[in-house]
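Below is one structure, written out as structure tokens; comments come after it.
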Amino acid sequence: MKTLYLKSNDKKSISTAAEILKNGGLVAIPTETVYGLAANALDGEAVRKIFIAKGRPQDNPLIVHVASLEEIEPLVEKVDPRVYSLAKEYWPGPLTVIMKKSALIPNEVSAGLDTVAIRMPSHECAREIIMESGLPLAAPSANASGKPSPTKASHVIEDLDGKIDAVVDGGECSVGVESTVVTLATEPPTLLRPGGITPEQLEAVLGAIQISPAVFEKLREGEKAESPGMKYKHYAPAAQVTIIKGSFEQYKNFLLAQKETVCAVCFEGEGKHFEKYIEYGKENDDISQAHMIFDALREVDAIGCEKAFVRCPITSGVGLAVYNRLLRSAAFRVIDLDISIPVIGLTGQTGAGKTTVGEILLKKGCHIVDTDILARKAVENPEVIAMLSKRFGADIIKDSVLDRRELARRAFSTPEGTKALSAITHPEITRLAIEEIHTAEKSGAKAAVIDAALLFDSPLVAVCEKNICVVADEKTRLERIMKRDSISESDARLRINAQPSTEYYTEKSDIIINNNVGTDIEAQIIGILH
Ligand code: TXA
Ligand code: MG
């Protein structure tokens with residue numbers, strides 16, 4: 001089908017849009033939050049087309065849009081009196097209220113629930129289309145299911161061109177994130193989705209409300225979503241998104257330490273430090289962050305970046321909505337660089353005695369982060385496994401377990417394979433390491449020590465205040481490896497030769513611990529700790 005492009009400031013557009021809707025068609029309309037894909041809410045057949053156009057899961061109900069309070073009565077069992085108090089303050093505007101539905105609401109809208117979500121948008125064009133059609137309009141965000149919500153008509157066209165009857169271009173959406181969804185069907189009312197109206201604003205009218213755990217957390221296996229839309233990975237560009245908490249300085253160092261080019265999704269004025277960047281709003285301004293976040297997420301794909309590191313938004317006010325959406329687009333991947341204990345990098349060539357130094361530091365109250373262990377843990381993450389099987393073949397999974405030996409055989413057989421393996425696993429190792437540091441911090445460790453043979457090739461180096469390298473002469477290392485791993489001298493020599501030179505380590509380190517036979521390393525460490 002050919003999608004008609006209409007301009008909102010043209011009177012004829014409004015009547016054309018209304019006409020299409022009355023005839024059971026689909027029209028994408030601008031609202032103050034995001035663009036909505038509208039259909040006659042009372043026509044199950046028309047509503048079904050929305051699900052098809054978006055590729056939306058059948059069990060995710062839609063919001064019904066009205067232009068006046070009188071229109072609500074027939075749609076619900078009984079108008080909860082609190083709706084009038086809410087309406088007085090926040091309607092028309094970015095608030096959706098859930099009540100018990102009436103028989104008029106088709107099952108397609110409520111996805112089988114006995115409730116209906118209602119909102120009165122403030123965007124002039126949306127209001128005109130509702131009034132002109134004389135219909136309540138069911139409208140989810142006008143994006144392909146799973147993608148970032150559209151805040152410009154061009155976003156709608158990107159996702160739905162040829163799949164819907166028309167799009168009305170009303171410029172950029174002012175709020176930029178979807179409406180707040182609150183249900184009055186629970187006592188106290190429950191905030192199901194944060195949005196343009198803040199929890200504080202709701203409480204000012206409703207008194208205490210509860211916040212659904214799904215706002216911040218991934219649903220556990222088998223758990224039922226109160227708001228089905230919150231259960232999917234959502235709002236996601238094709239690129240992998242990671243949220244980075246901490247100061248700009250920490251963010252910058254961490255990004256610049258990445259081995260590959262990543263896209264910095266940061267605040268106004270910060271982008272100039274990076275090769276590829278997109279700025280979204282001002283650092284201390286949740287309103288501007290909300291306004292730009294979805295466009296920024298779409299831009300990441302447009303500039304062709306596979307990984308995006310997003311500066312954490314303000315998490316209060318409207319920022320709560322931005323954070324909630326970002327958590328889903330990042331599949332809950334958050335790295336918090338704000339660490340309150342000292343972090344020390346510990347590295348060195350094989351056989352030099354890194355492990356021995358680690359053991360001494362452990363006895364002195366430090367926590368040791370063993371990156372070898374984390375490398376094994378990283379490949380247990382389902383998302384990592386999915387990426388590995390996509391790159392190296394589905395048959396590296398046998399009986400739903402990763403065949404690590406087969407993976408290694410395929411990955412290490414070519415330089416590209418080796419590189420691809422690191423690109424997939426290293427971000428997860430990094431995330432796990434920083435998560436472990438925060439656990440150590442909470443349990444009272446004096447410092448965290450990152451034990452990593454290839455520390456200087458890892459972005460983890462950016463969180464280390466000081467780097468220690470352990471050195472020993474080649475003869476000592478040879479003997480230690482042969483004894484430790486029961487291998488021949490020539491095999492031990494192969495391993496040594498596969499590693500960077502001693503100078504490579506010492507040049508980049510702040511502290512060098514000499515661990516030749518006969519030296520007192522404990523004394524050296526005590527000196528360092530002081
Ligand atoms: O700002 C908005 O709300 C936009 C514009 C177009 O109005 N619409 C929007 O719709 O965001 P959608 O479908 O993308 O999100 C609706 C959310 C989903 O999370 C859905 O699960 C939830 O509202 N929802 C709808 N009806 C519900 C119900 N009866 N009970 C619980 N959750 C409901
Ligand atoms: Mg949506």
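Both ligands and their constituent atoms are indexed starting at 1 by order of listing.
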Per-atom contacts, ligand 1 versus Leu113 - under 4.0 Å to a heavy atom: 28 (C), 29 (N), 30 (N)

Atoms in ligand 1 flagged as close to Ile98, the criterion being non-hydrogen separation under 4.0 Å: 27 (C), 28 (C), 30 (N), 31 (C), 32 (N), 33 (C)

Test: Lys377 and Glu380 ion pair at under 4.0 Å: no

Residue portion contacting ligand 1 (non-hydrogen atoms closer than 4.0 Å) for Asn60: side chain

Side chain, backbone, both or neither: the part of Lys101 lying under 4.0 Å from ligand 1 by heavy atom: neither

Which segment of Pro61 sits under 4.0 Å of ligand 1 when only heavy atoms are counted: both

4.0 Å heavy-atom contact, Pro121 with ligand 1: no

Short N or O distance, Tyr35 and ligand 1, threshold 3.5 Å exclusive: no

Check: Glu178 N/O within less than 3.5 Å of ligand 1 N/O: no

Polar side chain donor-acceptor pair, Arg193 to Ser179, under 3.5 angstrom: yes

N/O/S atom of Ser145 inside 2.8 Å of the Mg ion (ligand 2), strictly under: no

Donor on one side chain, acceptor on other, Glu71 and Ser68, under 3.5 Å: yes

Proximal atoms of ligand 1 relative to Ala139 (non-hydrogen, under 4.0 Å): 6 (C), 8 (N), 10 (O)

Ligand-residue contact atoms, ligand 1 with His65, heavy atoms, under 4.0 Å: 5 (C), 6 (C), 7 (O)

Flag for Arg431-Thr242: side-chain donor and acceptor within less than 3.5 Å: no

Which of the ligand 1 atoms, numbered from 1, are nearer than 4.0 Å to a heavy atom of Gly36: 6 (C)

Backbone N/O of His155 and side chain of Tyr35: donor-acceptor pair under 3.5 Å: no

Ser149 and Glu178 side chains, donor-acceptor separation under 3.5 Å: yes

Enumerated ligand 1 atoms positioned under 4.0 Å from heavy atoms of Thr115: 28 (C), 29 (N), 30 (N)

Salt bridge (Lys or Arg N to Asp or Glu O under 4.0 Å) partner of Arg311, the single match among Glu283, Glu268, Glu249: Glu283

Side chains of Thr151 and Glu172, donor plus acceptor under 3.5 Å: no

Polar contact flag, side-chain donor to acceptor under 3.5 angstrom, His438-Glu435: no

Distance-only N or O hit between ligand 1 and Thr31, under 3.5 Å: no

Check: His273 side chain, Lys252 main-chain N or O, donor-acceptor pair, under 3.5 Å: no

Non-hydrogen atom of Arg56 closer than 4.0 Å to ligand 1: yes

Subset of ligand 1 atoms that lie under 4.0 Å from at least one heavy atom of Ser141: 8 (N), 9 (C), 10 (O), 12 (P), 14 (O)

